[in-house]
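Atoms within a ligand are numbered from 1 in the order they appear, just like the ligands themselves.
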Amino acid sequence: MSEAFENLLRETREFPPPAEFAANANVTAEAYDAAAADRLAFWEQQARRLDWATEWDQVLDWSGAPFAKWFVGGRLNVAYNCLDRHVEAGLGDRVAIHWEGEPGDTRTLTYADLHRLTCQAANALTDLGVTAGDRVAIYLPMIPEAAVAMLACARIGATHSVVFGGFSADALASRIADASAKVVITADGGYRRGKPSALKPTVDEAVKRSPSVEHVLVVRRTGQDVSFAGTDHWWHETVETASPEHTAQPFDAEHPLFILYTSGTTAKPKGILHTSGGYLTQTAYTAHAVFDLKPATDVYWCTADIGWVTGHSYIVYGPLANGATQVMYEGTPDTPHKGRFWEIVDKYQVSILYTAPTLIRTMMKWGDDIPAGYDLSSLRLLGSVGEPINPEAWMWYREHVGHDALPVVDTWWQTETGSMMISPLPGVTAAKPGSAMTPLPGIVADVVDDQGQSVPNGGGGYLVLREPWPSMLRTIWGDDARFVDTYWSRFEGMYFAGDGAKKDADGHIWLLGRVDDVMLVSGHNISTTEVESALVSHPSVAEAAVVGATDPTTGQAIVAFTIPRGTVDTDGAAGEALISELRDHVARTLGPIAKPRQIMLVPELPKTRSGKIMRRLLRDVAEHRTLGDVTTLQDSSVMDLIASGMGGGKSDED
Ligand code: WT7
């Protein structure tokens, strides 16, 4: 019998919070005790961070499991909680968004500005016939209007469906159709990699095939020529001329707030449905607890796109519900130069930074001297999300961005969970590099084996959530059966996240990647994450992706695609020597079972637009197949680069 997941990587480093940070932290260890003593009372207390028009009469109704109802009978307006109440409290002049366009143009929006624009947009949408329960598709670049559009929908009870601005007309049309969206909000274009990049033609093509769409609202961002049809309206002629007076009506706690499509592993995207009261409660609480947000003094920056759940929960709803000041950046990290992120941190004196491992590893590849060229002393907390963060990337982040002193919070969650679920608390937890550590207060997570039995410390298996949580998805839009089947059928009475995980000797949780990516080598289930982390722990490696390729002897064999750090010589014999050294390094770090059969040195890795490695395509390369669907690739030329670099990268096999 093989283990559900081998536990190979050992990590002993540990970084307790700086004393001063701990002394001033928003949340202390007491929160764990309170939540453990009475979980529902704990969440009820967190719900009181919000302003409710009517209090709930039941915290959780789980009688229809797995269909949950939180704060039953409660009524609130989500936009009111993000805007009006701050303005009413006299904070109208506080900056909500320091916006930085890619070309360097800037806008500053206070809470009063954001409130006024949102009221105008709410009135304009109402004039276009949008009423509570209608769906509105949002397809915008990273401009403040993206947040305004979402908040305006929330304000009038319309359900938004944000579609990432990099998606194709097909992807947009299928999402519009699935939700029967009545209105699309878009722009002429946005700036990306130094040039205007058009959006409107993609919308035109999608709308042609979308009978549900009655109107299209178009923000002018780039000034590009756009073709206009009778159903199109300029934002500046409708929203910006609309009345700024709008009274927000409360909606039921379970009123739908948004649909966000996630592709997961299967072809047809799932429309993940989130509702109002529970979602806002948990996003607001986790922003307070995990980011230690001090709204009066912090400048927070989340580098995600608003088209992903990270942008929904930790650009729009969580930070704004807390009255935070944040930076929003339109463009790419290397335009016009590779120091752009650090320049922004320096310029706005960012104190809390939330970004993704893929970006951290890219920065490692670009070199330590780049962040060293900027003043990063304003930073006091660093966060990571989206993928397992390799210990070396975590250490690099702490050392080179966090002046070797700052807490780093590795936050595990999903589109489906709506908010953070497993993460250190920055003022409490002695964090281990690469570990998401423990479930947050009020969250009950576990690692179980094939039979659904909790694994002991030191064991590996499947990550599950044992109790419902306020910001959980309520269903898959239009497909309750798929919701039950995907998340609630694998293990009786538990939510199955689809991720592998292990508990270390202290019971701390380490994420091991998607279970679909696990490699079965000579009867051992080896996690892609652990082998990748072992490779990245070598000083010559910036980034690595491993896959299991069919092998006549071992069933599957480990094939690694590795990006060397900027300064490393990989020509000819030097490349061969490095490959053989890396194979030995992995065997030394994890044991001989994890030694890659083959390592290829490559200049880039195939990633989705949200930065996740597309191992499916690498498996195609490793098994010498023609490539499958590449349409979700961030940069389609990457696969040519990998294919052309392969010849010299092969190594002997043991
Ligand atoms: C999947 C969810 C959460 C917002 C962005 C991604 C992986 C996410 C971590 C982390 C290890 C992580 C998981 C998860 N993931 N955060 N801190 N450590 N893995 O949302 O696109 O729905 O992806 O991302 O595999 O299941 P998403």
Examine Arg474 relative to Phe67 and say whether NZ or CZ is less than 6.0 Å from the centre of the six-membered ring and inside a 45° cone about the ring axis. no
Closer than 4.0 angstrom: is that true for some heavy atom of [X] and an atom of ligand 1?
| X | answer |
| --- | --- |
| Met420 | no |
| Gly498 | no |
| Trp308 | no |

Taking only heavy atoms of Thr310 into account, list the atoms of ligand 1 that are under 4.0 Å away from them. 4 (C), 5 (C)
Per-atom filter on ligand 1: closer than 4.0 angstrom to a heavy atom of Arg514 are 25 (O), 26 (O)
Any idea which protein heavy atom is nearest [atom], and the distance to it?
| atom | answer |
| --- | --- |
| atom 3 (C) of ligand 1 | Trp413 O, 3.1 Å |
| atom 14 (C) of ligand 1 | Asp499 OD2, 3.2 Å |
| atom 23 (O) of ligand 1 | Lys612 NZ, 2.9 Å |

Going by distance only, is there an N or O of [X] that falls short of 3.5 Å from an N or O of ligand 1?
| X | result |
| --- | --- |
| Pro388 | yes |
| Thr262 | no |
| Ser384 | no |

Check the side chains of [Y] and [X] for a donor-acceptor pair under 3.5 angstrom, ignoring hydrogens and angles.
| X | Y | result |
| --- | --- | --- |
| Asp517 | Thr528 | no |
| Asp178 | Tyr261 | yes |
| Thr358 | Lys612 | no |

Ring geometry between His160 and Phe258 (parallel below 30°, tilted from 30 to 60°, perpendicular above 60°): parallel
Is the Tyr462 ring parallel, tilted or perpendicular to the Phe491 ring (thresholds 30°, 60°)? tilted
Record the part of [X] in heavy-atom contact with ligand 1 below 4.0 Å; permitted values are side chain, backbone, both and neither.
| X | answer |
| --- | --- |
| Glu387 | backbone |
| Val309 | side chain |
| Thr415 | both |

Checking side-chain hydrogen bond (donor to acceptor under 3.5 Å, both in side chains) between Lys502 and each of Thr529, Asn457, Asn7, which is the one that passes? Asn7
Considering Gly386, Ala501, Ala497, Gly418 one by one, which has a heavy atom nearer to atom 15 (N) of ligand 1 than any of the others? Gly386
Okay, side chain of Asn525, backbone of Ala4: is any donor-acceptor separation there less than 3.5 Å? yes
How about Tyr285 and Phe42: are their ring centroids closer than 6.0 Å? yes
Thr355 and Tyr397: side-chain hydrogen bond (donor to acceptor under 3.5 Å, both in side chains), yes or no, with the steps? CA-CA 10 Å; Thr355 192; Tyr397 195 26; 5.6 Å; no
